[in-house]
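Here is the structure we will look at, set down as structure tokens.
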Amino acid sequence: MSNIEKKVVESLFSMQDLDYKAFHAKLIPNVKEETIIGVRTPELRKYAKEFSKTEGAKEFIKMLPHKYYEENNLHAFILEQIKDYDECITEVERFLPYVDNWATCDMMAPKVFKKHFPELLEKIKVWIKSDDTYTVRFAIGMLMKYFLDDEFDIAYPEMVAGVQSDEYYINMMIAWYFATALAKQYDSILPFIENKELETWTHNKAIQKAIESRRVSQEQKDYLRTLKIK
């Protein structure tokens with residue numbers, strides 16, 4: 001372990017909350033509990049913001065794989081601060097194969113992406129065809145975060161509906177995507193549900209999540225209930 005890594009790990013353990021560790025470990029069952037330190041996300045983000053300004057951060061993100069879950073999250077938060085798009089994409093693609101859980105995957109959203117939607121979309125088209133669970137999940141997450149408002153195009157939900165996987169964490173993200181899409185682009189997305197274009201479990205989970213949303217009207221919820229597959 002390098003000096004930088006030692007300092008990072010010491011800093012993370014100084015923020016440890018054992019109750020939070022026990023609680024959080026249940027949310028990410030595929031991550032070994034002994035690799036979870038137990039640092040609350042706001043504290044970790046604050047630390048990442050300061051640490052990302054140092055030369056040590058550049059050295060830290062070259063050190064893969066990391067031992068601890070929070071090191072991966074710190075890595076993700078450092079990447080969010082990179083201002084050069086090409087550099088950011090390079091580092092994101094280097095990091096994605098080491099992302100091993102939904103939480104680390106979903107919390108990573110580099111700020112510079114907002115200024116480069118056309119280029120980002122080309123990368124998403126590659127990521128969504130990956131054999132890696134969390135690379136695919138990340139791709140769908142980026143479509144959900146950045147391409148459901150002014151940038152929306154019907155080609156994007158078609159891309160997501162076209163993903164075929166037995167992976168729970170991919171199918172859950174597909175369901176989340178369509179639930180969010182129903183809240184934002186109801187008329188465009190409804191035919192995907194009416195025509196049963198998703199796998200049965202994903203279809204029903206998308207409806208469930210949409211019904212739980214405050215952004216979907218009661219009338220829409222009542223109709224969506226009739227579209228559940230028994």
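Residue numbers start at 1 and run along the sequence shown.
Note: His66 NE2 to Asn73 CG = 10.0 Å, rounded to the nearest 0.5 Å. In this structure, CD1 in Ile207 is found 8.0 Å from CG in Leu182, a value given to the nearest 0.5 Å. The distance from the OG1 atom of Thr135 to the CG atom of Leu96 is 4.5 Å, given to the nearest 0.5 Å. Once rounded to the nearest 0.5 Å, the distance linking CD of Gln81 with NZ of Lys111 reads 4.0 Å. Here the straight-line distance linking atom CG of Leu18 with atom CZ of Phe23 works out to 15.0 Å at 0.5 Å rounding. The distance from the CG atom of Leu44 to the CZ atom of Phe51 is 11.0 Å, given to the nearest 0.5 Å.
Counting all heavy atoms, side chain and backbone alike, Ile128 lies closest to Ala139 at N-CB, 3.7 Å. Taking each heavy atom of Ser130 and Val136 in turn, the nearest pair found is O-CG2, 3.3 Å. Here the closest heavy-atom approach between residue Lys62 and residue Lys58 is recorded as CG-O, 3.2 Å. Nearest heavy atoms, Ala206 versus Ala179: O-CB, 3.5 Å. Minimum interatomic distance between Glu70 and Thr35 (heavy atoms only, all atoms of both residues): OE1-O, 4.0 Å. The two residues Ile28 and Trp102 make their nearest non-hydrogen contact at CG2-NE1, 3.5 Å.
Judged by distance alone, with hydrogens and angles left aside, the side-chain atoms of Glu71 form a donor-acceptor pair with the main-chain N or O of Lys67 at under 3.5 Å. Looking at Asp106, its side chain never comes within 3.5 Å of a backbone N or O of Gly141 through a donor-acceptor pair. Side chain of Asp132 to backbone of Tyr134: a donor-acceptor contact under 3.5 angstrom is found. No donor-acceptor distance shorter than 3.5 angstrom exists from the side chain of Gln185 to the backbone of Phe152, with no hydrogens or angles considered. Although no hydrogens or angles enter the test, the distance criterion places no donor-acceptor pair under 3.5 Å between the side chain of Glu33 and the main chain of Ala25. Side-chain atoms of Asn30 come within 3.5 Å of backbone atoms of Asp100 as a donor-acceptor pair (strictly under, hydrogens ignored).
In this structure, Met108 and Phe95 have side chains that are in contact, with non-hydrogen atoms separated by less than 4.5 Å. The closest side-chain heavy-atom distance from Leu121 to Leu143 is below 4.5 Å. Glu59 is not listed as a side-chain neighbour of Glu55, based on a closest heavy-atom distance of 4.5 Å or more. The closest side-chain heavy-atom distance from Met172 to Lys209 is below 4.5 Å. Here the side chains of Lys205 and Trp176 are not in contact, with every heavy-atom distance at 4.5 Å or above. Side-chain contact between Asp222 and Arg225 is present, with at least one heavy-atom pair separated by less than 4.5 Å. Contact check for Cys88 versus Phe113: side-chain heavy atoms found under the 4.5 Å cut-off. For the pair Asp17 and Val39, the minimum side-chain heavy-atom distance is 4.5 Å or more.
Between Tyr68 and Phe13, the ring planes lie perpendicular to each other; the angle is over 60°, past the 30° to 60° tilted range. The aromatic rings of Tyr85 and His116 lie parallel to each other, with less than 30° between the two planes, well short of the 60° mark.
Taking the salt bridge (Lys or Arg N to Asp or Glu O under 4.0 Å) definition, one finds that Lys129 meets it with nothing, sequence neighbours left out.
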I would like to know whether His75 and Tyr98 meet ring pair (Phe, Tyr, Trp, His ring centres under 6.0 Å); could you show each step before the answer? CA-CA 11 Å; His75 192 131; Tyr98 298 95; 8.4 Å; no
I would like to know whether Phe77 and Tyr47 meet ring pair (Phe, Tyr, Trp, His ring centres under 6.0 Å); could you show each step before the answer? CA-CA 9 Å; Phe77 293 156; Tyr47 174 61; over 10 Å; no
Yes or no on side-chain contact (heavy atoms from CB on, under 4.5 Å) for Phe138 and Val92, after CA distance, side-chain angles and deciding distance? CA-CA 10 Å; Phe138 183 69; Val92 165; 3.9 Å; yes
Working note: Ile170 + Met173, criterion side-chain contact (heavy atoms from CB on, under 4.5 Å); need CA distance, chi angles, decisive distance, verdict. CA-CA 5 Å; Ile170 290 178; Met173 179 55 90; 5.9 Å; no
Under the side-chain contact (heavy atoms from CB on, under 4.5 Å) rule, what do Ile36 and Val31 come out as? Steps first, then yes or no, please. CA-CA 8 Å; Ile36 301 171; Val31 177; 3.9 Å; yes
What verdict does the side chain to side chain donor-acceptor pair (under 3.5 Å) test give for Asn72 and Thr104, after you've listed the backbone C-alpha separation in whole Å, the side-chain angles of each residue and the deciding distance to 0.1 Å? CA-CA 7 Å; Asn72 280 326; Thr104 303; 5.4 Å; no
Run the side-chain contact (heavy atoms from CB on, under 4.5 Å) check on Leu190 and Leu227 step by step: do they pass? CA-CA 10 Å; Leu190 186 60; Leu227 299 178; 4.1 Å; yes
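Annotation for Asp166: atom CG does not count as buried by contact number, only 12 or fewer foreign heavy atoms lying within 6.0 Å.
Checked for salt-bridge contact, Glu80 and Arg45 meet the test: a charged N lies under 4.0 Å from a carboxylate O. Note on Glu43 versus Arg40: no salt bridge recorded, every NZ/NE/NH1/NH2 to OD/OE distance being 4.0 Å or above. For Lys123 and Glu93, the salt-bridge test passes: some basic side-chain N is under 4.0 Å from an acidic carboxylate O. Classification of Lys125 and Glu122 as a salt-bridged pair holds, one side-chain N sitting under 4.0 Å from a carboxylate O.
Each ring pair (Phe, Tyr, Trp, His ring centres under 6.0 Å) pair with one or both residues in residues 199-220, not counting sequence neighbours, appears once here: Tyr168-Trp201. Sorted by first and then second residue, the side-chain hydrogen bond (donor to acceptor under 3.5 Å, both in side chains) pairs involving residues 146-158 (not counting sequence neighbours) are Asp149-Lys184.
With hydrophobic clusters built from ILVMFWY side chains whose heavy atoms lie under 4.5 angstrom apart, Leu198 shares a cluster with Tyr223. Ile154 and Val163 fall within the same hydrophobic cluster, where Ile, Leu, Val, Met, Phe, Trp and Tyr residues are linked whenever their side-chain heavy atoms come under 4.5 Å apart, directly or through other members. Leu64 and Ile37 end up in the same hydrophobic cluster when Ile, Leu, Val, Met, Phe, Trp and Tyr side chains are linked at under 4.5 Å.
Residues Gln218 and Lys221 bring no donor and acceptor atom of their side chains to less than 3.5 Å of each other. Using modelled atom types and a 3.5 Å distance limit, the side chains of Glu34 and Tyr69 yield no donor-acceptor pair. In this structure, a donor-acceptor pair under 3.5 Å is absent between the side chains of Asn171 and Glu167.
Relative to the ring axis of Tyr169, Arg137 does not place its NZ or CZ within 45° and under 6.0 Å from the centre.
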